[in-house]
Each structure stands twice: as C-alpha cells, then as structure tokens.
Amino acid sequence: MIVVTGATGGLGGATVEHLLKRIPADRIGVSVRDAAKAQHFADRGVRVRQGSYEDPAALRDSFAGAEQVLLVSGNDPAADMVSLHRNAIEAAVAAGVRRVLYTSQQGAVPGNPYRPSDVHIATEAILGDSGADWTALRNGAYGPLDQVLGPWQRTGVIAQPEDGLVPYTDRADIAEATAVILAGDRSFDGPVTLTAPNAVTFDDLAKTASALTGRTVRRVLLDDEQWVADQTTTGVPEQMARLLLTWYQAARAGYFAEADPLLAELLGREPRTTADRLAAHIAA
C-alpha cells in the first residue's frame, strides 16, 4: 500500500494518476482533507480516507497499512508548517510506515535566503530523526512559468529582479518521476534532486520567447524595492511580495543553479524544457 497526501492538489493528484498506470488501484490510498473531492479516485478503486496535518489521529487512520507514504509539503505561509509536517511524520511512524517520502525543494540547505527553505530543512531533519527510512524529493521550481516571468506575452517584456540560473521543471514530469520512485524497486535514501536537465536565466528565456514568437521579448532588470512596490500596486500584500523576493535573491546567489540528471533517468526520456513549455503556452 502506498498512501499519497494532498491528492486533490496538483502534484499529489498527478502522482496518483501515474501510480494508477503502474500498480493496481487497491494498492493505492489517498489522505485528503475532503474525501468528497477524491471521489474520482474512489470510483477507480483507490482507498480514500480523510486526514489532515492538523489531525494526527485521522492521519494515523489514513496511513494504516501503508508501506510508503508520500507527504506533499504544505505551503501556507501563515501556518507553522514544521509542526504540521512533524505531525504527519509522527503519524506515519506510529502507523508502521516503512518509508516516508517528502516533497522538499531544490537548494534546501542552510544559508538559502528563500524563506520556505527553512521549513524544508527542518522537516528533513525531523525525517532523519524519525527512525523510518526516508526520501526527500528536492524538486526544482515547477510552478507555471508565467508566475515567474509575468505578463510577457502582453507586454513583450520580462521585467523582474535580478535572477540566476534555475532549472525550471515541469510539474507533470516531477509527478511521473515520483510515481516511478514509489512504485519501483530502487530505494533512494535521504535527499535526491529532481530538476530539468538545463538551468536558464531570464535572459535565456527572453531569447527563447523571442525566437518562438518572432518578435523581440526584452529582459528588463527591476530594482528589488521597485519590484516589491509594483507587486503591492497589483494587490499583493507587501509581506508576501518580500517573501517572493527571497526566491530571486536565492536564484542570484546560485542556490538553484545546479541541474541534476536523475529526473531524466527516472523518466527514461528527456524532461520537458522551458522552450517546450513556452511553446505549448504560446500555442494555447
């Protein structure tokens, strides 16, 4: 039995879909806040149980009988995510789970200015002390590219703070690789990094976008404070804007610069590149 948390979310749900292609449905379970939202999995034979990181007793029930559990990390900046992740890890251990897999982040190392890194570092430390076998999937940045690039198709400009090399990774590829790890015979102990094969900068992406569209897309460098001010004028709370700014600061400091070949190895093919993703977005 493999249990996936957060299965009504993007990454968790896609991972379950890939698991269903590899193992029988009765070997898959999901732990979700709202079981009704996972009915489409129940209809296909997946075990659906209610569980949330705030409710350790419910988690122990949803993890019962599982050999492996995938903990999809929470992302609520207002919550004490380390304590919530601790609840989930302790519930998994109490339920007798042999291996806990956790969706961490590339560059989850001390000194990284990107604030969510602290949550991942602390959670990995809890896993290390848990007594269970564990794997931390240090995933490359897999959000939609437009979240990072801004409205470049409308403006013809990528206007963002100073960045650095980042192997922007397709979420669908990460979900598939996660399913390969969960369903496979090969064990991965401790942290592993899953990224696209090449790291790029905004300058690189502007050139790619220009080539794909046939018009010039410029890279415009914004001062950090100007960027924060621009974000607040669009309705982003300043505290959130400053948190997001730490991602650019981490990128320019090189914390995300190293691409890793493991994702391609797990997929048995080349992962989607930023050019592939931009082309698909343009076509859509």
**Prompt:** Are Glu265 and Arg186 ion-paired here, with the side-chain N under 4.0 Å from a carboxylate O?
**Reply:** yes
**Among Gln68, Arg27, Arg47, side chain to side chain contact (heavy atoms under 4.5 Å, CB included) partner for Met1** = Arg47
**Request:** With the side chain counted from C-beta on, respond yes when Thr15 and Val72 share a heavy-atom pair under 4.5 Å apart, and no when they do not.
**Result:** no
**N-O pairing of Glu90 and Arg60 below 4.0 Å** = no
**Message:** Would you say Asp230 and Thr233 are linked by a side-chain donor-acceptor pair, where the criterion is simply a distance under 3.5 Å?
**Reply:** no
**Fill in**
For Arg277, the side-chain contact (heavy atoms from CB on, under 4.5 Å) test, sequence neighbours excluded, returns Leu145, Tyr168, Asp170, Arg272
**Item:** Non-hydrogen atoms of Glu270 and Ala264 that approach each other most closely
**Value:** OE2-CB, 4.0 Å
**Asked** Are Val4 and Val180 joined in one hydrophobic group, where the rule is that I, L, V, M, F, W and Y side chains link up if heavy atoms are under 4.5 Å apart?
**Response** yes
**Message:** So, using side-chain contact (heavy atoms from CB on, under 4.5 Å) as the criterion, who are the partners of Ala279 when residues are at least two apart?
**Reply:** Leu212
**Request:** Could you tell me whether the side chain of Ser104 reaches within less than 4.5 Å of the side chain of Ser73, counting heavy atoms only?
**Result:** no
**Item:** Polar contact flag, side-chain donor to acceptor under 3.5 angstrom, Thr193-Asp260
**Value:** no
**Prompt:** Taking a hydrophobic cluster as the set of Ile, Leu, Val, Met, Phe, Trp and Tyr residues connected by side-chain heavy atoms closer than 4.5 Å, whether directly or through intermediates, do Leu70 and Phe63 fall within one such cluster?
**Reply:** no
**Message:** Would you compute the distance between atom OH of Tyr53 and atom NE2 of His85 and round it to the nearest 0.5 angstrom?
**Reply:** 5.5 Å
**Asked** By side-chain contact (heavy atoms from CB on, under 4.5 Å), which residues pair with Ser62, not counting sequence neighbours?
**Response** Ser31, Arg49, Leu59
**Request:** For residues Ala132 and Val100, report the shortest heavy-atom separation together with the two atoms involved.
**Result:** CB-CG2, 4.5 Å
**Leu278 CG to Leu149 CG distance, which is reported to the nearest 0.5 Å** = 6.5 Å
**Message:** Taking Val119 as the starting point, is it possible to reach Leu127 by hopping between hydrophobic residues whose side chains are less than 4.5 Å apart?
**Reply:** yes
**Prompt:** Is it the case that more than 12 heavy atoms not belonging to Arg98 sit under 6.0 Å from its CZ atom?
**Reply:** yes
**Asked** Taking only residues two or more places apart in sequence or in another chain, which ones pass ring pair (Phe, Tyr, Trp, His ring centres under 6.0 Å) with Trp227?
**Response** Tyr248
**Message:** Checking Leu245 against Val228 for the side chain to side chain contact (heavy atoms under 4.5 Å, CB included) test, could you report, in this order, the C-alpha distance in whole Å, the side-chain angles of both residues, the deciding distance, and whether it holds?
**Reply:** CA-CA 8 Å; Leu245 180 63; Val228 170; 4.0 Å; yes
**Flag side-chain contact, heavy atom, 4.5 Å: Trp152 against Leu205** = no
**Message:** Between Thr103 and Leu71, is the side chain to side chain contact (heavy atoms under 4.5 Å, CB included) condition met? List the steps.
**Reply:** CA-CA 6 Å; Thr103 61; Leu71 298 181; over 6 Å; no
**Asked** When rounded to the nearest 0.5 angstrom, what is the spacing between CG in Asp34 and OG in Ser52?
**Response** 11.5 Å
**Message:** As an exercise, state the distance from CE of Met81 to CG of Asn87, rounded to the nearest 0.5 Å.
**Reply:** 9.5 Å
**Message:** Would a single hydrophobic cluster contain both Val148 and Ile158, if residues Ile, Leu, Val, Met, Phe, Trp and Tyr are joined by side-chain heavy-atom contacts under 4.5 Å?
**Reply:** yes
**Prompt:** Stepwise, does the side chain to side chain contact (heavy atoms under 4.5 Å, CB included) test hold for Val220 with Gln160?
**Reply:** CA-CA 7 Å; Val220 174; Gln160 301 291 358; over 6 Å; no
**Asked** Can you find a heavy atom in the side chain of Leu101 that is under 4.5 Å from one in the side chain of Val69?
**Response** no
**Transitive ILVMFWY side-chain link Ile181 to Val3, under 4.5 Å** = no
**Prompt:** Is there a donor-acceptor pair under 3.5 Å between the side chain of Asp61 and the backbone N or O of Ala58?
**Reply:** no
**Residues that Tyr255 engages under ring pair (Phe, Tyr, Trp, His ring centres under 6.0 Å), provided they are two or more places apart** = none
**Request:** Test Tyr102 against Ile89 for side chain to side chain contact (heavy atoms under 4.5 Å, CB included), laying out the working first.
**Result:** CA-CA 9 Å; Tyr102 168 73; Ile89 293 165; over 6 Å; no
**Message:** Please evaluate residues Asp189 and Arg99 with respect to the criterion salt bridge (charged side-chain N to carboxylate O under 4.0 Å, His left out), reporting the C-alpha separation (whole Å), side-chain torsions for both, the decisive distance (0.1 Å), and the verdict.
**Reply:** CA-CA 9 Å; Asp189 295 314; Arg99 178 175 294 275; 2.7 Å; yes
**Message:** In the structure I gave you, are the side-chain heavy atoms of Tyr114 and Gln105 within less than 4.5 Å of one another anywhere?
**Reply:** yes
**Asked** Would you call Asp224 and Arg242 a salt bridge, taking side-chain N to carboxylate O under 4.0 Å as the test?
**Response** no
**Asked** Between Arg22 and Glu17, is there a salt bridge with N-O shorter than 4.0 Å?
**Response** no
**Heavy-atom donor-acceptor pair, Asp163 side chain to Phe202 backbone, under 3.5 Å** = yes
**Complete:** Residues at least two apart in sequence or cross-chain that pass side-chain contact (heavy atoms from CB on, under 4.5 Å) with Gln239, listed by chain then number, are none
**Message:** Can you tell whether the side chains of Arg33 and Asp55 come within less than 4.0 Å, N to carboxylate O?
**Reply:** no
**Request:** Give the minimum heavy-atom separation between Val236 and Ala241, together with the two atoms involved.
**Result:** CG1-N, 3.9 Å
**Request:** Check whether the side chains of Gln106 and Thr195 place a donor and an acceptor atom closer than 3.5 Å, and report yes or no.
**Result:** no
**Message:** Run Glu176 and Arg269 through salt bridge (charged side-chain N to carboxylate O under 4.0 Å, His left out) and show every step you take.
**Reply:** CA-CA 12 Å; Glu176 182 177 348; Arg269 58 173 172 79; 2.8 Å; yes
